Amino acid sequence: MFAVTLISVALAQAPSLKEARALAEDVYAGRTTLAWRTSSPALRAQVGTESGLLGLINATRGSLGAEVRVITEAMVEKSGGTLYRRVSAVTNWARGMELELAFDANGSLTAMVTRPAVKEAPTVSGLHKTQAELRLPFDGAWFVLWGGRKYDDNRHTPVPDMRYAMDVFIVKGPGTFTGDGTKNEDYYAWGQPLLAPGDGVVVEVVNDSPDNVPNQPRPGVLYGNSVVIDHGTGEFSLLGHLQKGSVSVKVGQRIVAGQQVARCGNSGMSTEPHVHYQLMDDANWKRAHGLPAQFQNFLANGRYVERGEPMRSQVISHRSIEARRD
Ligand SMILES: [Zn+2]
């Protein structure tokens, strides 16, 4: 009913580079006029109104910050339409962002997407065999939302220190929480004990970063509360987004694998309680490069893994040596 009343002022042909560029500039500026005028009926139906389109534009811009300069732009032929691709330097993402505007054969805007311009940070550690003896840093069954070596499996991969990081949640039934999910306490992962993945010495502790209200991440304090452990092998484990005040180890303290170090929280750039884990080649994540972390003795989707890297969509749980003998 709604779509029928629309008067679509489509371009009736593929947009010129200049037209697409003007649209991209509107998207980066958070303006809707041109984008609304160019939107396909399907896109209009999807967003409902011009203010709904603004929501999509804002979601597309995400937390990129402002566009600093255009690096490349191009029109790309695609079956049934055209794509405009624009790679830009932006204030909040060191490696640049790609904005993609899709047009149908009539020249109407059908979709807009952003993604990191570099999907996988360059790494020299692809063949790295984890030297420390690592176990999963929790007991019980956890779901890997992002894990693996490719961007499609792991949204961490563009960032050098997060190159091989993983995000894990607890999922029961359809989701990660009970109730309405507006409180951290609603989430299964909230407050779960987190354990040292390996023996080592604590080299950094942040314990005073506030926990977020779910879905209101706090930019600027990336990992929030965190613990960094030096395994003595040139490898350092970082556990992030920990619950405020829950870190129970001190800098300089020697700890052993499986020892509780904190509780799962929702601090830093986190939308809901979960664990961020990464292995690094330096104690300081700001200059570290990520290393592949091969954990030992765990179940992945029910199958025993003696040594391996958790992957996206797996349910993983630590399996003790004792359990293996059963
Ligand atoms: Zn993460």
Side-chain angles (χ1 to χ4, degrees), residues 62-64 92-95 97 114-116 118-121 123 125 134 136-138 142-171 176-177 184 187-190 192 194-195 197 204 206 209-229 235-244 246-247 261-295 309-316:
S63 52
L64 313 180
N92 293 359
W93 194 260
R95 294 187 166 268
M97 290 301 300
T114 43
R115 58 173 76 91
V118 176
K119 292 184 182 175
E120 286 126 19
T123 178
S125 304
L134 296 184
L136 294 178
F138 34 70
W142 293 69
F143 176 78
V144 183
L145 181 70
W146 298 123
R149 295 176 168 221
K150 292 282 176 196
Y151 178 76
D152 288 345
D153 294 320
N154 190 351
R155 292 294 186 264
H156 296 105
T157 60
V159 189
D161 68 298
M162 300 184 196
R163 182 64 182 77
Y164 303 97
M166 68 173 175
D167 280 344
V168 291
F169 297 69
I170 295 181
V171 175
T176 54
F177 60 86
N184 286 323
Y187 291 78
Y188 304 122
W190 173 254
Q192 289 295 314
L194 300 181
L195 316 175
E204 192 188 286
V206 179
S209 187
D211 285 291
N212 304 326
V213 172
N215 299 308
Q216 294 178 30
R218 198 174 299 263
V221 278
L222 189 59
Y223 297 122
N225 302 307
S226 53
V227 170
V228 178
I229 301 160
E235 298 166 319
F236 302 80
S237 280
L238 181 149
L239 288 158
H241 311 309
L242 309 173
Q243 191 180 107
K244 182 184 177 184
S246 75
V247 179
V261 295
R263 289 184 178 276
C264 181
N266 186 23
S267 57
M269 274 287 280
S270 171
T271 53
E272 65 172 81
H274 75 284
V275 183
H276 172 100
Y277 173 82
Q278 64 187 35
L279 191 67
M280 313 179 283
D281 66 357
D282 192 297
N284 182 348
W285 59 265
K286 288 181 181 164
R287 60 171 182 250
H289 290 85
L291 297 171
Q294 289 122 30
F295 295 94
E309 298 171 22
M311 284 292 299
R312 181 188 183 193
S313 300
Q314 284 179 342
V315 175
I316 54 173

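All ligand and atom numbering here is 1-based and tracks the order in the structure. FYI, the numbering just counts along the sequence from 1. Computed from a prediction, not measured in an experiment: that's the story for all the values here.
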(request) State the atom name: nearest N, O or S atom of Asp167 to the Zn ion (ligand 1). (result) OD1

(message) Can you list everything that forms a side-chain contact (heavy atoms from CB on, under 4.5 Å) with Pro210? Sequence neighbours excluded, please.
(response) Arg218

(request) Apply side-chain contact (heavy atoms from CB on, under 4.5 Å) to Val144 and list each qualifying residue two or more places apart in sequence or on a separate chain. (result) Val168, Pro310, Gln314, Ile316

(message) Please identify which of these residues, Phe169, Phe138, Tyr187, Trp142, meets the ring-ring contact (aromatic ring centres under 6.0 Å, His included) condition with His274.
(response) Phe169

(message) I'd like to check His276 versus His156 (side-chain heavy atoms, cut-off strictly below 4.5 Å). Are they in contact?
(response) yes

(message) Looking only at N, O or S atoms, which one in His156 sits nearest to the Zn ion (ligand 1)?
(response) NE2

(message) With a cut-off of 2.8 Å, does His276 put an N/O/S atom close enough to the Zn ion (ligand 1)?
(response) yes

